[in-house]
2 protein chains.
Amino acid sequence: MELDDRKVKILQAIIKNYLETGEPVGSRTISKLSDLNLSSATIRNEMADLEELGYIVQPHTSAGRIPSDKGYRFYVDTMMEEKVEELNNIKADLEEKADKIENLLQHVAKLLSVNTNYATMVTTPKYRSRKCKFIQLTEIDEKNVLAVIVLEGNIVKNKMIQANEYLDKEMVLKLNLVMNSFLQGLDLDEISLGIVQKMKEQAGEHERLISDILDAVAKAMQEEGNLEVYTSGVTNMLSYPELNDGKDVKDLIFTLEDKKELAMLADQDLEYDSAEGNGRIQVYIGNETPIDSMKNCSVVTATYELEEGVYGKVGIIGPKRMDYERVVGTLKNLMGQLDDIFKNKQS
Amino acid sequence: MELDDRKVKILQAIIKNYLETGEPVGSRTISKLSDLNLSSATIRNEMADLEELGYIVQPHTSAGRIPSDKGYRFYVDTMMEEKVEELNNIKADLEEKADKIENLLQHVAKLLSVNTNYATMVTTPKYRSRKCKFIQLTEIDEKNVLAVIVLEGNIVKNKMIQANEYLDKEMVLKLNLVMNSFLQGLDLDEISLGIVQKMKEQAGEHERLISDILDAVAKAMQEEGNLEVYTSGVTNMLSYPELNDGKDVKDLIFTLEDKKELAMLADQDLEYDSAEGNGRIQVYIGNETPIDSMKNCSVVTATYELEEGVYGKVGIIGPKRMDYERVVGTLKNLMGQLDDIFKNKQS
DNA sequence: ATTAGCACTCGATGATGTAGAGTGCTAATA
DNA sequence: TATTAGCACTCTACATCATCGAGTGCTAAT
């Protein structure tokens, strides 16, 4: 048995209706709603077929049908039309925050959750290996040296380093010179022990300090590799009764609060997605997410490109009956706006 | 009618029992439990008195009694004994994160929530007005200048500034000199328009750039005045049935996610508390919190001192029947450990 | 191939009854 | 006078039961 044209239409009607109402939909509803002019009995037969094929399920005997994961998947893959959803004034709103990328991303999460009534997550962008652009050491007082580390892409990191020895200005200048001449243009993997040794030689008696500084530099570079995850709209999940039963919500909210699993989810297809290019949308339905507590949810992610080769993700988490058309439309729109902002920022 | 000795004992027994079980406690229970050797009938009479006095309430006729806010308040003020609760190995654990205060505070929130099974909040410390220690401008590339702003207390802020004009090294050096000679030692309120004018004079044609830099400096200083709030253990709130009814939890979780109200709560008594000295503990019971969604909760806060005159707050949010003794004990212990860490860090 | 008709299933809803916990009051007691 | 035993009363929680309505699957007629 295959999906003929009529079955597709019926399936579509079922899903559309279910997305709207959240109630299992029965044969009579479809009979009246669709333009097929079929009696409920015929619809019933077709529905039995659709169930056998795995596209819909009955919550219990004598209830209507609801889409199965496979049904949603079919819908998303072949029948969905994106609604272009304008996020008005967002650009101005966001540009204001653009001086610090973390703030901007957090704000994006907030905006999305408010606009969609779902939960949202945004990751910081993931850099491959950042090269060191330059390092600047400054004496703060007798005991502390501030290392300002600028990485490729103008990522700035500060590390306070405790010096056990007194440093005069000349020494600091010299150290600056040494650090920069050796480290400029290198990434974490390229800083070998050999290089470290040479630096120590040149620095004379300040071996210990050099070690500490290098530690700080290494840490700074490493930090950039970690995805941070911002979430928003967690409370929205409590509004959907199909998620709100029993302790399932608790697990779900825990996942959203803990963020570790979210980071993994965002990370997993990042390479592939970014290869596909900016703006790529992914939909995970129910069990398709690798996260256990989300088996009753759907997750839609989009990849944004901060700059050449630097990608992060935006995700929307909602019930399986989320409004996919709107969500996908909104995300695409958002990606466009972010693109503009990031491009302007660079130029 | 006054609280005589026996009433106090009975009240204590009721509260203790209720804290343990979470169930309304009846006269028979108290009769058996306490060492007063009274029949349940006598207890009943006393309980009627206690209710009249407002220390306990009946959820409904023919249920036992539970403490009222007034009852809890009396308990916390006069009968509670702190349990000293060791947070083992926390110090080592925290010291590792101590290089960045935000990380440390976030970790504190996490640790507390895991240890207590309540929700926790930690604010960043609040500086009064930070004076500017020094400013360093660095040319990153033709278009960008990085301003590293170090405030009193070695708070480091980075601001990237877009330059519309080309800057050679000499110019940057000169600007550095101008900025520092004028701004060092000043706080936000002390930078007057007069000073700004003089700076612009000295900088010659770079008026616009000076403006941008000053904006950045002002922003950096202002940011430090804002309390950031970290929360953890939000999900724990779903474990307490007395909070989990209806939409109350939703509001509560929203408050914990939104954080604005938490910041206000933390801010409100900060001045007073810090005047009282480090480690001060505050207990807000039910309606005593200014936050509406927390009227069924109790909040216990403690003030920590990062350094001379710089205070922040740690708070634990739980049901009104939270284990006050343990919570207060834990917080005091934590304050001690934080103290050690911060003191060591400075020296 | 479609449809009308019908028996059947199941969840949701509300009414009813019961058990148990706890109370307040009264009258007896020390 | 303070305490207590005893008892009628109240209220909740829980289970049982009947009913209603939505929706189904199947059969036989079209």
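In the text below, chain A, chain B and the rest are named by the order of the sequence lines, each starting its count at 1.
- The side chain of A:Ala41 lies closest to C:dA4 when the candidates are D:dT4, D:dG25, C:dA4.
- Rounding to whole angstrom units, CD of residue B:Gln58 and C1' of C:dG24 are separated by 10 Å.
- Side-chain proximity of A:Arg44 to C:dG11, D:dG25, C:dA4: nearest is D:dG25.
- Rounded to whole angstrom, the span from the CD1 atom of B:Ile66 across to the C1' atom of C:dG22 amounts to 15 Å.
- Rounded to an integer number of Å, the gap from CG of B:Asn45 to P of C:dG22 is 17 Å.
- Salt bridge B:Asp267/B:Lys313: absent, no basic N to carboxylate O contact under 4.0 Å.
- Note on A:Thr42: a base of the nucleic acid sits closer than 4.0 angstrom, heavy atoms only.
- Taking a cutoff of 4.0 Å between a charged side-chain nitrogen and a carboxylate oxygen, A:Glu288 and A:Arg73 qualify as a salt bridge.
- Relative orientation of the A:Tyr55 and A:Phe74 rings is perpendicular, given thresholds of 30° and 60° on the angle between their planes.
- No salt bridge links A:Asp251 with A:Lys295; every basic N to acidic carboxylate O contact stays at or beyond 4.0 Å.
- Computed from coordinates, the B:Asn37 CG to D:dA5 P distance equals 12 Å when rounded to whole Å.
- Between A:Lys9 and A:Asp35 there is no salt bridge, since no side-chain nitrogen of the basic residue lies less than 4.0 Å from a carboxylate oxygen of the acidic one.
- Across all strands, B:Ser40 comes closer than 4.0 Å to no nucleic acid atom at all (heavy-atom distances).
- With hydrogens and angles left out, the side chain of B:Arg28 and the base of C:dG20 share no donor-acceptor pair within 3.5 Å.
- Counting only heavy atoms from C-beta on, B:Met47 has its side chain closest to C:dT23 among C:dT23, D:dT4, D:dT24.
- Between A:Asp258 and B:Lys110 there is a salt bridge, since at least one side-chain N of the basic residue sits less than 4.0 Å from a carboxylate O of the acidic one.
- Between its two ends, the helix from C:dA1-D:dT30 to C:dA30-D:dT1 turns its axis by 20°, counting five pairs per end and rounding to 10 degrees.
- Among C:dC10, D:dG6, D:dT24, the nucleotide with an atom closest to any side-chain atom of A:Ser62 is C:dC10.
- With D:dT10, C:dT2, C:dT9 as the choices, the nucleotide that has an atom nearest any side-chain atom of A:Thr61 turns out to be C:dT9.
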